[in-house]
Amino acid sequence: LTLVENGTPAGQSALAELFPRTGQAHVVGFTGSTGAGKSTLVNKVAREIRDRGDELAVIAVDPTSPFSGGALLGDRLRMRELVNDPGVFIRSMASRGHPGGVAHATRDLVTVLDGLGFPVILVETVGAGQAQVEVAQVAHTVVLVEAPGMGDDIQALKAGLLEIADVIVVNKADRPEAQQTLRALQAARLGGLAVEDADRDAGEASWETPILKASALEGWGIDALVDAVAAHRDYLRASPRWDALRTRHARAEVEAWLMRHLRTWVDTQLDPARIDAAVATVAARDCDPASAARDLLEVLVHHIKTSAEQEGA
Ligand SMILES: Nc1nc2c(ncn2[C@@H]2O[C@H](COP(=O)(O)OP(=O)(O)O)[C@@H](O)[C@H]2O)c(=O)[nH]1
Ligand SMILES: [Mg+2]
């Protein structure tokens, strides 16, 4: 996993070897703001899935920001109930410093765990920015975790998270303010925001995103949440959506790798002196940046072409 996460050649060949065995796992992403209770909830959900008899893996992406340096340890502590269970595999992952970005690294870890035969993989995203939305590129089922008292305008509305949510859960429902959050979310759904049927074929059953209540702290509502996640998986599998998701995920993966290979080419095949020279012409206003970059690209393509010809000769 470390070799894969760091994008090493050994990791890449492991991925290639495992890939044919993947595509079986149900990948469930948990997204939502920091502090909503994702880690606590994922822990309880993992416990419940285990109690129902499935083995599972958990990937927790934690902020590496110096302002929240304790997060990794905190999440590990919360996971404590699970770590002694050999049927559960838990992997914490840094949210920064991956060659292809955090979404890419997450997907690669999912590939490994899927290839190793875990039937369920839970992914907890870092609760900020783009990473919250990107989980939809790897998960079959996206659980949006909301919590009361995080401002009465629903944060997720702004972040575009309601559109990607397959299941919404208002966590911390032990607090009375949860009722208000629930109503706000229901109103947003009535507005049509969370009903996923835009690209649905006529006659195909639609999925109405359920809005649930739970208290991860007190341990209730978990059962219904796991039921909803399983129902969504069954819905996907019974419709062409499972295959459509597979294609969508495959496209995202191929595109991500394409960009990554390009990046590697730029880093290894372009003479840094040439880049410096291009930068100098742009700084001196002798050339505009887009044209300078296009010229470099032509040099790169030419270089790759000639080295391929040399190899062929
Ligand atoms: N009252 C209440 N607090 C909770 C609940 N779930 C989590 N918390 C608390 O909320 C804080 C943040 O939880 P955490 O799981 O780290 O949130 P994350 O940042 O989304 O992973 C912790 O202090 C938890 O104990 C809940 O259901 N009710
Ligand atoms: Mg967390």
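Ligands are counted one by one from 1 in listed order, and the atoms in each one are counted from 1 as well. Basis for what follows: all heavy atoms, side chains included, without hydrogens, waters or symmetry-related copies.
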Side chains of [X] and [Y]: closer than 4.5 Å at any heavy-atom pair?
X	Y	answer
Leu56	Val88	yes
His140	His249	yes
Arg260	Gln12	yes
Leu41	Lys38	no

So, Ser39 and the Mg ion (ligand 2): N/O/S under 2.8 Å, yes or no?
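Ser39 does place an N, O or S atom closer than 2.8 Å to the Mg ion (ligand 2).
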Aromatic ring centroids of His261 and Trp265 under 6.0 Å?
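When the ring centroids of His261 and Trp265 are compared, they turn out to be at least 6.0 Å apart.
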Give the atom numbers and elements of ligand 1 that come within less than 4.0 Å of a heavy atom of Thr34.
19 (O)
Give the numbers and elements of all ligand 1 atoms closer than 4.0 Å to a heavy atom of Lys38.
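The atoms of ligand 1 under 4.0 Å from a heavy atom of Lys38 are 15 (O), 17 (O), 18 (P), 20 (O), 21 (O).
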Test of understanding: given a 4.0 Å heavy-atom threshold, classify the contact between Ala173 and ligand 1 as side chain, backbone, both, or neither.
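Ala173 to ligand 1: no contact under 4.0 Å from either part.
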Any idea which part of Asp174 is under 4.0 Å from ligand 1, heavy-atom wise: side chain, backbone, both or neither?
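Under 4.0 Å from ligand 1, Asp174 contributes side-chain atoms alone.
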Closer than 4.0 angstrom: is that true for some heavy atom of Glu124 and an atom of ligand 1?
yes
Touching ligand 1 at all, Ser33? Heavy atoms, strictly under 4.0 Å?
yes
Tell me whether Arg52 is salt-bridged to Asp227, with the criterion being a basic N under 4.0 Å from an acidic carboxylate O.
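Yes, Arg52 and Asp227 are salt-bridged.
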Would you say Ala214 and ligand 1 have an N/O pair spaced under 3.5 Å apart?
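It does not: no N or O of Ala214 is found under 3.5 Å from an N or O of ligand 1.
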Could you identify the N, O or S atom of Glu124 positioned closest to the Mg ion (ligand 2)?
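Of all N, O or S atoms belonging to Glu124, OE2 is the one nearest the Mg ion (ligand 2).
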Work out which heavy atom in Ala228 is nearest to a heavy atom in Leu212; give both atom names and the distance.
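Taking Ala228 first and Leu212 second, the nearest heavy atoms are CB-CD1, 3.8 Å.
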So between Lys213, Lys172, Glu218, whose heavy atom ends up nearest atom 5 (C) of ligand 1?
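Ranked by closest heavy atom to atom 5 (C) of ligand 1, first place is Lys172.
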